[in-house]
Amino acid sequence: MDHTESRDGTDEPTDDTRTTPEPEPAPAPESASTSGSASGPTPTPASASAPEPESVSEPESVSEPEHVPESAKKRRRPWVRRVRRAVLVLALVLIVPLVAVETALRVNYMGDPADGTYTRDRDAMWLGHAWVDGRKKDADVTALAGRLKDTGVRDLYVHTGPLEHDGTLPRSVYPRARWFIDAVHRELPGVRVQAFLGDVLANGGPEGLELSDAATRAEVVRSAGQVLDTGYEGVHLDLEPLHSGDGHYLDLLDDLRKLTKGRDAQLSVAAHQIDPLPHLHSVAGLVADHPKWWSQEFFGQVARRVDQIAVMSYDTARLFESTYGGYVAQQTSLALEVTPPTTHLLMGLPFYYESNPSHWGHAETVGAAVRGARLGLSRTDPDRELFGLAPYIDFAATETNWREFKDGWVR
């Protein structure tokens with residue numbers, strides 16, 4: 001019951017212990033007192049002109065509810081209604097779109113991939129830094145070759161950085177790079193080794209590489225030439241978090257492309273995911289300094305400037321395996337729509353297990369990612385030749401990851 005109902009007099013509490021004294025009898029007229037009438041004095045009705053008794057105080061233990069004017073109640077009730085309405089609207093704004101998106105992704109995961117949507121023998125894999133800093137030996141390369149045998153992996157992105165924030169790359173961080181390149185060529189003929197160079201960008205925090213600085217970009221290009229001199233067959237660039245529409249990044253890619261084309265080498269990049277809803281990167285940018293997504297237009301601008309573009313299609317915060325698979329299917333379709341057929345498109349696979357708000361291990365499985373990529377390929381461009389998958393990363397891979405990759409994609 002609303003508390004205001006007890007303030008308007010309709011629900012006032014009662015107390016049976018409270019009584020009002022009877023009024024004193026009015027004095028009889030003198031004539032009556034002298035008449036000696038046996039009947040005594042005639043009582044005067046309470047409604048007569050007899051004096052009213054003095055006010056009777058209520059017991060202190062009982063307090064009268066304060067009367068609230070009707071106008072005050074009217075002011076309070078609209079305020080309560082407005083709060084309730086605001087809460088309801090907020091719930092609808094947050095919950096309804098979320099449910100709609102999750103439902104759409106679940107539906108996107110339904111159906112069967114088209115026949116023939118398996119490996120084109122154009123897959124890639126990200127490798128850790130241990131391969132070039134001296135921790136790995138010949139036996140490790142032999143074991144890696146055994147893993148990759150009879151798969152479609154033809155490019156290895158081996159971590160060779162990180163770059164310094166000024167764009168330079170100390171040679172001391174990759175002393176065994178030449179050994180690793182030669183060992184791969186010996187154990188895995190036809191597989192290319194690319195230098196995976198990365199750094200944190202300054203727009204993601206107080207420190208980092210500043211793309212707007214022309215001198216820094218020039219140093220990145222020099223570092224790329226330095227690793228090509230070492231024997232790498234390509235440069236794989238991963239700069240994060242990279243804002244959608246960053247023109248300085250496009251300028252850097254143009255300069256790098258001139259270098260790699262002149263050296264008959266590959267230029268590849270790790271790409272952010274594409275807006276799953278139109279302009280989502282702009283909305284996310286209002287609440288975060290490093291929004292997760294690129295616009296589809298910007299993704300296409302990047303794809304036209306490189307030989308290979310690999311989507312980091314993991315860490316999606318999806319809660320269910322079906323919705324994660326549907327998300328990968330959507331990302332695959334969005335990427336295929338704007339990637340020219342002359343650019344090699346790869347979809348990243350999560351070869352690791354962890355559970356946190358951005359990556360739920362029970363949902364982001366390799367099996368779901370493979371099936372999602374096949375569904376997106378089937379619906380958008382099933383005959384695309386320059387298409388593959390890219391597991392991330394070798395040192396965290398599990399037997400389940402390898403099995404799901406081979407069973408779902410290699411065949």
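Residue numbers run from 1 in the order of the sequence given.
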Heavy-atom pair of closest approach, residues Glu404 and Gly367: OE1-N, 2.8 Å

Side chain to side chain, Trp126 and Phe351, heavy atoms closer than 4.5 Å: no

Matching residue for Tyr157 among Gln308, Arg192, Gln194 - test: side-chain hydrogen bond (donor to acceptor under 3.5 Å, both in side chains): Gln308

Pair Asp229 + Arg263: basic N to acidic O under 4.0 Å: yes

Lys NZ or Arg CZ of Arg374 over Tyr118 ring: under 6.0 Å, within 45°: yes

Set of residues satisfying ring-ring contact (aromatic ring centres under 6.0 Å, His included) with respect to His344, sequence neighbours excluded: none

Tyr174 ring center within less than 6.0 Å of His159 ring center: no

Over 12 non-hydrogen atoms of neighbours within 6.0 angstrom of OH in Tyr352: yes

Donor-acceptor contact present, side-chain Thr230 to main-chain Tyr232, <3.5 Å: no

Arg384 side chain to Leu336 backbone, donor-acceptor under 3.5 Å: yes

Inter-residue atom distance Thr117.OG1 - Arg411.CZ, 0.5 Å rounding: 9.0 Å

Whether Gln296 side chain and Ile274 backbone form a donor-acceptor pair below 3.5 Å: no

Test item: Glu364 side-chain N/O and Thr316 main-chain N/O as donor-acceptor pair under 3.5 Å: yes

Close side-chain approach of Leu345 and Leu386, heavy atoms under 4.5 Å: no

Donor-acceptor pair, side chain of Thr260 and main chain of Leu256, under 3.5 angstrom: yes

Shortest non-hydrogen separation from Ala114 to Ser378 and the atoms involved: N-OG, 2.7 Å

Closest non-hydrogen atom pair, Tyr324 against Ser313: OH-O, 2.8 Å

His272 vs Lys292 side-chain heavy atoms within contact, under 4.5 Å: no

Value rounded to 0.5 Å, distance of CG in Leu209 from CD in Glu240: 13.0 Å

N/O donor-acceptor pair under 3.5 Å between His129 side chain and Gly161 backbone: yes

Glu297, CD atom: more than 12 neighbouring heavy atoms under 6.0 Å: no

Row check, Tyr109 ring normal vs Arg371 NZ/CZ: under 6.0 Å, within 45°: yes

Test side-chain contact (heavy atoms from CB on, under 4.5 Å) applied to Met312 and Asp238, step by step: CA-CA 10 Å; Met312 296 180 286; Asp238 179 21; 4.2 Å; yes

Close side-chain approach of Arg106 and Asn108, heavy atoms under 4.5 Å: no

Nearest atoms (heavy-atom pairs only) where Val141 meets Glu187: CG1-CG, 3.8 Å

Check against side-chain contact (heavy atoms from CB on, under 4.5 Å), Val220 and Arg217: CA-CA 5 Å; Val220 173; Arg217 296 198 305 272; 5.6 Å; no

Salt-bridge present (Asp254, Arg305; N to O < 4.0 Å): yes

Flag for Thr380-Glu337: side-chain donor and acceptor within less than 3.5 Å: no

Glu399 and Arg147 ion-paired at < 4.0 Å: yes

Check ion pair Arg178-Asp182 (N to O, under 4.0 angstrom): yes

Criterion side-chain contact (heavy atoms from CB on, under 4.5 Å) on Leu346 and Val311, from CA distance to verdict: CA-CA 6 Å; Leu346 298 121; Val311 184; over 6 Å; no

Pairing of Asp140 and Arg135 as salt bridge, 4.0 angstrom limit: no

Note, Leu349 side chain near Trp409 side chain (heavy atom, < 4.5 Å): no

Evaluation steps, side-chain contact (heavy atoms from CB on, under 4.5 Å), between Val235 and Leu197: CA-CA 7 Å; Val235 175; Leu197 304 179; 4.0 Å; yes

Leu389 versus Ala373, closest heavy-atom pair with distance: CD2-CB, 3.7 Å

Rounded distance (nearest 0.5 Å) linking atom CZ of Arg122 with atom CZ of Arg154: 10.0 Å

Flag for Ser212-Glu210: side-chain donor and acceptor within less than 3.5 Å: yes

Side chain proximity check, Val306 to Leu253, heavy atoms < 4.5 angstrom: yes

Nearest non-hydrogen partners of Leu127 and Phe180, listed with the distance: CD1-CZ, 3.7 Å

Donor-acceptor contact below 3.5 Å, side chain Ser244 vs main chain Ser295: yes

Check: His362 main-chain N/O paired with Glu321 side-chain donor or acceptor under 3.5 Å: no

Euclidean distance, Gln273 CD relative to Asp315 CG, rounded to 0.5 Å: 8.0 Å

Expected output: side-chain Gln226 to main-chain Leu169 donor-acceptor under 3.5 Å: yes

Side-chain heavy atoms of Ile309 within contact of Thr343, under 4.5 Å: yes

Between CH2 on residue Trp179 and NZ on residue Lys136, distance to nearest 0.5 Å: 9.0 Å

Side-chain donor-acceptor pair present, Glu354, His359, cut-off under 3.5 Å: no

Distance (rounded to the nearest 0.5 Å) between Phe196 CZ and Ser268 OG: 10.0 Å

Sub-4.5 Å side-chain heavy-atom contact between Ser355 and Tyr353: yes

Check: Gly167 main-chain N/O paired with Ser223 side-chain donor or acceptor under 3.5 Å: yes

